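Worksheet: one structure, shown below.
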There are 2 protein chains.
Amino acid sequence: MTGKPLASVWLREPRKATSPGRSREEIVSAAIQLLDEEGHSGLSMRKLGAKLSAGATSLYWYVANKDELLELAYDEVWGEMPVPDPGQVGWRASASAMARGMRQVILRHPWSADLIGRMPALGPQALGVTDKMRKTFKAAGFRGLEIDYANSTLTAFVFGMTIPEIAWDAATNTPDYDAEEMRASVVRAAAQFPDLLESVNLDTYDDPQAMREMCFDFGLASVLDGLERRLVT
Amino acid sequence: MTGKPLASVWLREPRKATSPGRSREEIVSAAIQLLDEEGHSGLSMRKLGAKLSAGATSLYWYVANKDELLELAYDEVWGEMPVPDPGQVGWRASASAMARGMRQVILRHPWSADLIGRMPALGPQALGVTDKMRKTFKAAGFRGLEIDYANSTLTAFVFGMTIPEIAWDAATNTPDYDAEEMRASVVRAAAQFPDLLESVNLDTYDDPQAMREMCFDFGLASVLDGLERRLVT
DNA sequence: ACCTGAACACCGTTCAAGT
DNA sequence: ACCTGAACACCGTTCAAGT
């Protein structure tokens, strides 16, 4: 009856919010700041303590451990996802906007990508977003489990497109990065694959950003078309 | 001319393989074994050294640092991805098989999911798989950049579906996990979202595995339909 | 109720020294 | 050419002790 079901902040009774001293919100938002600035390596309990001019171990009164802190930060990211009302714009426009918005939010908080594979999104913000997304697919005409399938499909596309982007950004945003040198290296690495080389040479490396946008748009249109087709049949 | 273009094993000249002493392959495969058994926390340079009955720091002669070791291990995972010949089975069957295969490979090596957002897949195995996947989309009729867009779209779907699965597995595979307790907790957490609750109650929690497969199939069919539509127009 | 510092058991990595 | 151990600068977390 009282075995802990899953190690997650969200599945335990919340500690009641008393006012004095530090607050959980303050700690979480300081953590997010560190993560945004320097990524995961920028957040340690000691650094976070220092930023709040507290001992590192004081934080353990507010938060069970670092993972729990990350769960809280992760949910804040979910809170930034825009969720338009499908009644206003139609389900396709609504779904597109959500997809683009989710991508932007993740790109703004690259550290959150690491968490997608680490902890289920069970916080109130995440649930709220999911609830709203389901409404869009309901409005589209999906019923029963297909509401969730459609939602998962769109979300999977966005995650799967965005997560590798972050890997590239991380590798590319180093001080002494040189694009030309990079392209040459990739060509050398891909030397045994003539077909692949062809794509590397499609001078798309000149503006990787534009390439990404086109790729995302192409994929998004495909996914939405595929979902739409599921409605008709 | 000689600024390092990107911190990656693959973009440097390989150290020539001399025979005596330990080998890189041996080290990488031992690392993969540790990762498969215990996840990322199971792999430390010290533990890996011990497993090979060597000092932890001996490994640094074969590998520049831990990240590089992970790059090597990651590429081995890519090597496990099945890539059928589209000439034999048609592009849609080929793409389906690749998608399902990729998912299984990632699920077999859950630690690899973490790496997708951390390092670009530039190893020889990854490039080989990409090359083969491009052939499938070429066979389908895609041309130019659309070959890559289609490929990215399918890959994104697979990654995006599979990565959160791993988060659930990790949270769920703890010793004292109780499914009923879990469902009850989620219901409590989702209490404010009546629509969402409806889906939680769709007694799909009884067999989450079956639910996942159906979800994946639904999404895969959608993505392939969407891609196919891009060909016709 | 809240905060502290000391202490424990770890990390990755460097480097001078060995063979 | 290969391997070593000592050492450095970190980690997350526990816990007895303080206020």
Side-chain angles (χ1 to χ4, degrees), chain A residues 4 7-9 12-28 30-31 34-35 37-74 111 114-115 118-119 170 174, chain B residues 4 7-9 12-28 30-31 34-35 37-74 111 114-115 118-119 170 174:
Chain A
K4 53 182 158 103
S8 169
V9 222
R12 288 193 278 99
E13 292 301 334
R15 179 191 301 285
K16 59 187 154 300
T18 50
S19 35
R22 266 159 278 263
S23 75
R24 216 181 225 198
E25 295 87 63
E26 174 186 12
I27 291 170
V28 172
L34 285 177
L35 288 166
E37 285 163 9
E38 312 178 48
H40 270 104
S41 72
L43 177 65
S44 76
M45 300 305 272
R46 286 174 227 264
K47 284 184 198 163
L48 182 55
K51 189 183 176 87
L52 296 165
S53 34
T57 58
S58 312
L59 308 171
Y60 285 85
W61 198 85
Y62 296 93
V63 133
N65 50 43
K66 194 184 180 182
D67 261 22
E68 190 168 297
L69 176 62
L70 288 172
E71 274 193 285
L72 294 162
Y74 184 35
W111 50 271
D114 275 354
L115 302 179
R118 258 217 232 298
M119 43 188 65
T174 90
Chain B
K4 52 182 161 105
S8 168
V9 222
R12 290 193 276 97
E13 291 301 334
R15 180 191 300 285
K16 57 187 156 301
T18 49
S19 36
R22 266 159 278 265
S23 76
R24 217 182 224 196
E25 295 87 62
E26 175 187 12
I27 291 170
V28 171
L34 285 176
L35 288 164
E37 285 163 8
E38 310 179 49
H40 270 104
S41 71
L43 177 66
S44 75
M45 300 306 271
R46 287 174 227 263
K47 284 184 198 163
L48 182 56
K51 189 184 176 85
L52 297 164
S53 33
T57 58
S58 311
L59 307 171
Y60 283 84
W61 199 86
Y62 297 91
V63 134
N65 50 43
K66 193 186 182 181
D67 262 20
E68 190 169 297
L69 176 62
L70 288 172
E71 274 193 285
L72 294 163
Y74 184 35
W111 49 272
D114 275 355
L115 302 179
R118 258 216 232 299
M119 43 188 67
T174 90

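A quick note: this is a predicted structure, and the numbers were derived from the prediction, not measured. In what follows, every chain begins at residue 1, and chains take the letters A, B, ... in the order their sequences are listed. Excluded from the calculations below are hydrogen atoms, water molecules and symmetry mates; all remaining heavy atoms, backbone and side chain alike, are included.
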4.5 Å side-chain heavy-atom contact, [X] and [Y]:
X	Y	result
A/L72	A/I27	no
B/L52	B/L59	yes
A/S8	A/M119	no

Quick one: list whatever passes side-chain contact (heavy atoms from CB on, under 4.5 Å) with A/E38, sequence neighbours left out. A/L34
Restricting to side-chain contact (heavy atoms from CB on, under 4.5 Å), what partner residues turn up for B/A170, sequence neighbours left out? none
In B/S/- notation (B base, S sugar-phosphate only, - none; protein heavy atoms under 4.0 Å), nucleotides 4-19 of chain C written 5' to 3' is BBB----BBBB-----
With sequence neighbours left out, which residue pairs that include part of residues 49-68 of chain B fulfil the salt bridge (charged side-chain N to carboxylate O under 4.0 Å, His left out) condition? B/R12-B/E68, B/R24-B/E68
N/O donor-acceptor pair under 3.5 Å between B/R22 side chain and B/S58 backbone: no
Identified side chain to side chain contact (heavy atoms under 4.5 Å, CB included) partner of A/L35 from the options A/L43, A/L48, A/D114: A/L43
D/dC3 phosphate, OP1 or OP2: any side-chain N/O from B/Y62 under 4.0 angstrom? yes
For DNA chain C, list all stems, counting runs of three or more consecutive pairs where every pair is Watson-Crick or G-U wobble with both distances under 3.5 Å. C:4-8 with D:12-16, C:12-16 with D:4-8
Between C/dA9 and D/dA9, how far apart are the two C1' atoms, rounded to whole Å? 16 Å
